[in-house]
Peer 1: 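Got a structure for you, questions after.
Predicted model, so just to flag it, every value in this text is computed and none were measured.
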Amino acid sequence: MVNKSQKKNARKKAWKELSPMAKFGTITAAVVQLSLLIAAQRDISRRPAEQIRGSKALWRVATLVNFVGPGSYFTFGVKRRPAVK
């Protein structure tokens, strides 16, 4: 358990203090986040408004929230066509 004095003295590590694995993980997460954001923004631009649940402007803002925004857009914002038999 961390006591109060340790919490006060805790600080964030500088980039050069991170391990190579931590740096790799950070860069990977950033690339995935940026890819999701770009994919969602491009999809919003290209998809007709009738195929999107809600406002395009609102979804554009929502996709700026890390991982959750683009994931929510692709899960809930895009209207799916019924399966053809």
Peer 1: Passes salt bridge (Lys or Arg N to Asp or Glu O under 4.0 Å), R11 versus E17? Steps please.
Peer 2: CA-CA 12 Å; R11 65 176 184 82; E17 296 173 336; 3.0 Å; yes
Peer 1: Which value, rounded to the nearest 0.5 Å, describes the distance between L58 atom CG and I52 atom CD1?
Peer 2: 11.5 Å
Peer 1: State plainly whether one hydrophobic cluster holds both V31 and W15, where clusters connect Ile, Leu, Val, Met, Phe, Trp and Tyr through side-chain heavy atoms under 4.5 angstrom apart.
Peer 2: yes
Peer 1: Taking P48's backbone N and O only, do any of them form a donor-acceptor pair with K56's side chain (distance below 3.5 Å, no angle check)?
Peer 2: no
Peer 1: Could you grab the distance from atom CG of D43 to atom OG1 of T63, nearest 0.5 Å is fine?
Peer 2: 10.5 Å
Peer 1: Inspect the surroundings of CZ in R81 and state if more than 12 heavy atoms from other residues, nucleotides or ligands are less than 6.0 Å away.
Peer 2: no
Peer 1: Would the distance check show the side chain of W59 and the main-chain N or O of R53 forming a donor-acceptor pair, the cut-off being under 3.5 Å?
Peer 2: yes
Peer 1: Would you kindly confirm whether I44 and V78 end up in one hydrophobic cluster when ILVMFWY residues are joined by side chain heavy atoms under 4.5 Å apart?
Peer 2: yes
Peer 1: What closest approach, in Å, do Q33 and V65 show between heavy atoms, and which atom pair accounts for it?
Peer 2: NE2-O, 4.4 Å
Peer 1: If you compare all heavy atoms of F67 against all heavy atoms of L36, which two are closest, and at what distance to 0.1 Å?
Peer 2: CD2-CD1, 3.8 Å
Peer 1: Side chains of S55 and R60: is there a donor and an acceptor less than 3.5 Å apart?
Peer 2: no
Peer 1: Compare every heavy atom of L18 with every heavy atom of K23, then report the nearest pair and how far apart it is.
Peer 2: CE-O, 3.6 Å
